[in-house]
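Both backbone and side-chain heavy atoms feed into the values below; hydrogens, waters and symmetry mates do not.
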Amino acid sequence: MSTFLIVLLSIIGFIGLVLGVLIVLWFYQGGCCVRRIKNKITKKDYVAPMLKQN
């Protein structure tokens, strides 16, 4: 039984690791939603309110 659990958990861990790497790469390359958010939030959005306060 313990050998079965070791094999099962190592397979699940390997699949989880591969999925995690793919998700990180997807976000690192910009993803579909991340790119839209980056386009909406630019440096002007941060700088303009700061300039108005001064």
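Here Leu22 sits in one hydrophobic cluster together with Phe14, Val18; the rule is ILVMFWY side chains under 4.5 Å apart, joined directly or through other members. Using a 4.5 Å cut-off between side-chain heavy atoms of Ile, Leu, Val, Met, Phe, Trp and Tyr, Leu19 falls into a hydrophobic cluster with Val7, Ile11, Ile15.
The side-chain contact (heavy atoms from CB on, under 4.5 Å) check on Val24 picks up nothing, with sequence neighbours excluded. In terms of the side-chain contact (heavy atoms from CB on, under 4.5 Å) criterion, Ile6 has no residue partners (sequence neighbours excluded).
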